[in-house]
Amino acid sequence: MTVHNSEIADSFEKLADLLEIEGANQFRVRAYRNAASTIRGYPRSMADLLEDGEDLSELPGIGNDLAQKIGTIVETGELPLLKEVEERTPEALSELMMIEGLGARKVKALHDALNVNSLADLERAAASGEIRRVSGFGEKSEKKILARLQKYSGEEKRTRLIDAEEIGRPLIEHLEKADGIKDIVITGSYRRRKETVGDLDILVTAKQGSSVMDHFTSYNEVDEIASRGKTRSTVFLQSGMQVDLRVVPQVSFGAAQIYFTGSKSHNIALRKLGIRKGFKVNEYGVFKGDKRVCGKTEESVYAKLGLAWIPPELREDHGELEAAKKDKLPRLITLNDIRGNLHAHTSASDGHNSLKEMAEAARDLGYDYLAITDHSQRLTVANGLDKKRLLAQVREIDRLNQKLDGIVLLKSSEVDILEDGSLDLPDSVLRELDFTVCAIHHRFGLSRKKQTERILRAMDNINFNILAHPSGRLINKRPPYETDMEKILEAARERGCIVELNAQPQRLDLTDEGCRMARELGVKISIATDAHSISDMDHMRFGVDQARRGWLEKSDVVNCQPLDKLAKLFTR
DNA sequence: GCCGTTTTCGGCCCGACTGTTTTCAGTCG
């Protein structure tokens with residue numbers, strides 16, 4: 001039984017919550033939270049690191065004590081200190097902290113005064129009017145608790161980036177109409193192009209005394225105004241999305257962009273660096289004593305700290321500060337670098353458009369080539385093509401290529417990887433194709449070992465070229481199937497296979513961390529839309545965003561290559 | 001509990017808003 005990083009991180013976070021409720025040293029509490037964040041974001045599993053004999057105390061925020069505790073969790077699946085703390089402090093109290101407005105102190109106060117130990121206790125106490133009598137609470141906070149409880153579902157809700165764009169776009173249009181507004185930018189994880197966002201953080205500059213806040217809170221989608229000040233307001237939209245608006249003066253715009261773009265750990269690292277250099281860094285600028293020395297642009301702030309400007313996608317405190325210091329940041333791939341698309345479906349299987357329509361759409365995007373990768377025979381629900389139909393399609397593509405101008409269709413197939421690791425079409429047929437895209441579409445529930453072996457065995461086939469959507473996850477819907485991704489990537493490099501970064505906004509698979517690992521291992525990536533219609537081809541930009549988060553450069557991505565270089569990449 | 005370009009001890013990012021208080025603690029990002 002493998003212990004996942006997320007489980008270790010969860011244990012540390014829960015321990016931090018309970019210790020905080022008990023009133024433990026706040027820096028000790030923070031140490032557990034920092035460690036949780038390091039572990040959660042780490043590209044390799046703690047279990048694997050330990051197996052390889054690595055020293056975990058080398059990791060940021062993890063010292064000897066926590067390294068030992070991680071070892072215990074990996075070995076036994078349990079954290080004794082957490083058990084011990086849970087004996088004295090009910091573990092459900094940590095869940096109460098999920099209610100907005102309730103932090104450790106208030107949870108403790110309610111526990112001590114009213115013996116509130118669960119969400120149900122909390123609701124009872126609020127409904128019966130007992131909470132307002134506890135010192136530090138009043139009628140308003142009691143009402144808020146009751147209202148929040150009704151909305152609380154127990155799940156942390158994060159919105160897919162594409163959905164966040166749909167919510168954000170009309171709101172920005174609304175804000176642009178405000179009097180006196182100058183700059184508007186959506187910051188936060190949205191600007192870092194994370195696959196999901198928790199809330200929208202909007203930053204604006206505006207003329208002094210303008211009515212931007214009034215304009216913001218009067219947006220017709222606003223369901224609730226949670227707070228409202230001169231420089232900051234928070235609302236909830238009818239979609240449930242939380243939106244924060246901050247207004248700063250123009251001289252602070254760069255510093256504020258950095259601050260609100262985050263990530264939080266990136267900001268903390270920047271501020272610490274500032275302190276070492278004798279500066280104070282905040283959202284208004286970089287200060288020497290009381291004097292602002294810069295802040296108008298992001299570049300000026302980074303430069304003052306001795307750093308090159310860092311693209312938002314890299315701001316996770318995953319080594320970007322060190323790279324920026326040495327001027328060794330990657331030259332991140334851009335959408336303009338993309339020359340073609342290596343995964344697309346037509347109406348022959350489960351797509352919605354014809355070969356010709358798809359080809360013309362790809363040409364309109366400025367691509368040189370588009371690969372047609374309809375499903376293979378096993379995937380009957382998607383009308384997968386058997387040998388006969390695929391060979392007919394191959395001939396049709398040949399004919400069409402004669403007529404097409406400015407775009408070349410590549411002959412391919414999204415071939416099912418069967419449970420035993422064999423491919424769903426005979427080698428004699430696969431050899432007729434320019435290359436193959438291979439994927440798992442069934443039997444997701446195999447053990448980690450079996451699933452990994454299944455993929456490795458499939459890659460042993462000389463006709464295997466690209467591993468499509470390697471984890472099979474659907475964001476917010478289906479977890480990845482269990483695999484040893486590092487092993488798969490190493491095997492891909494050894495065999496000359498390519499791994500896909502599927503650009504569908506609900507997939508984005510490889511993950512950012514997976515991309516980074518692939519790059520470090522020297523595995524080439526195909527960023528592909530898996531388009532099932534003409535309009536899906538626009539999703540390439542989400543794939544590029546994710547690739548940038550994974551530190552990928554143009555040279556790491558096969559579909560940045562011109563057509564005449566592709567064939568070589570598909571020769572094993 | 002972690003960490004080190006004045007440190008192995010003594011610090012630990014910083015500011016806005018709310019509600020309850022009577023000058024500020026708690027919460028949040």
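Chain letters run A, B, ... following the sequence lines, proteins first and then strands; every chain starts at 1. Model, not experiment: these values are computed from the prediction. Hydrogens, waters and symmetry mates play no part in the numbers below; they use all other heavy atoms, side chains included.
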Please report the distance separating the [atom1] of [N] from the corresponding atom of [M], rounded so that it comes out in whole Å.
N: B:dT21; M: B:dG26; atom1: P; result: 13 Å
N: B:dC13; M: B:dG4; atom1: P; result: 13 Å
N: B:dT23; M: B:dC17; atom1: C1'; result: 16 Å
N: B:dC12; M: B:dT7; atom1: C1'; result: 13 Å
N: B:dG1; M: B:dT5; atom1: C1'; result: 24 Å
N: B:dT27; M: B:dT20; atom1: P; result: 13 Å

Subject >> Interface residues of residues 134-145 of chain A with DNA chain B (non-hydrogen, below 4.0 angstrom) >> reply: A:Gly136, A:Phe137, A:Gly138, A:Glu139, A:Lys140, A:Ser141, A:Lys144
Original post:
Tell me, which of residues 285-302 of chain A have any heavy atom that sits under 4.0 Å from an atom in DNA chain B?
Top reply: none
**OP:** Mark yes when over 12 heavy atoms from residues, nucleotides or ligands other than A:Lys83 sit less than 6.0 Å from its NZ; otherwise mark no.
**Re:** no
Could you tell me whether [X] contacts a base, only the sugar-phosphate backbone, or nothing, with contacts defined as non-hydrogen atoms closer than 4.0 Å?
X: A:Leu270; result: nothing
X: A:Lys264; result: base
X: A:Glu283; result: sugar-phosphate
X: A:Lys277; result: nothing
X: A:Val29; result: nothing
X: A:Arg232; result: base

**OP:** For the residue pair A:Glu7 and A:Asn5, confirm or rule out a side-chain donor-acceptor distance under 3.5 Å.
**Re:** no
Contacts of [X] that satisfy side chain to side chain donor-acceptor pair (under 3.5 Å) - sequence neighbours left out:
X: A:Asn336; value: none
X: A:Arg40; value: A:Asp10, A:Glu13
X: A:Arg541; value: A:Glu165, A:Asp538
X: A:Thr217; value: A:Arg228

**OP:** For A:Lys108, enumerate each residue passing the salt bridge (charged side-chain N to carboxylate O under 4.0 Å, His left out) test, keeping only those at least two apart in sequence or located in another chain.
**Re:** A:Asp112
Original post:
Which residues satisfy the salt bridge (charged side-chain N to carboxylate O under 4.0 Å, His left out) test with A:Asp17, sequence neighbours excluded?
Top reply: A:Arg33
Original post:
Below 4.0 angstrom, N of the basic side chain to O of the carboxylate: do A:Arg292 and A:Glu283 qualify?
Top reply: no
Subject >> Residues which pass ring-ring contact (aromatic ring centres under 6.0 Å, His included) with A:Tyr259, listed by chain and number, not counting sequence neighbours >> reply: none
**OP:** Could you list all the ring pair (Phe, Tyr, Trp, His ring centres under 6.0 Å) pairs where at least one residue sits in residues 16-42 of chain A, not counting sequence neighbours?
**Re:** A:Phe12-A:Tyr32
Original post:
Is there any ring pair (Phe, Tyr, Trp, His ring centres under 6.0 Å) pair reaching into residues 270-298 of chain A, and which pairs are they, with sequence neighbours excluded?
Top reply: none
Original post:
For DNA chain B, which nucleotides open and close the run of contacts to chain A, 5' to 3', at under 4.0 angstrom from a non-hydrogen atom?
Top reply: B:dG1 to B:dG29
Original post:
Is the glycosidic torsion of B:dT7 within 90° of 0, making it syn, or is it anti?
Top reply: syn
**OP:** Map A:Asn267 and A:Lys106 onto DNA chain B by nearest heavy atom, then report which one ends up closer to the 5' terminus.
**Re:** A:Asn267
Subject >> A:Ala104 or A:Leu59, whichever maps to the more 5' nucleotide of DNA chain B >> reply: A:Leu59
Original post:
What is the base-pairing partner of B:dT8, counting Watson-Crick and G-U wobble geometry with both distances under 3.5 Å?
Top reply: none
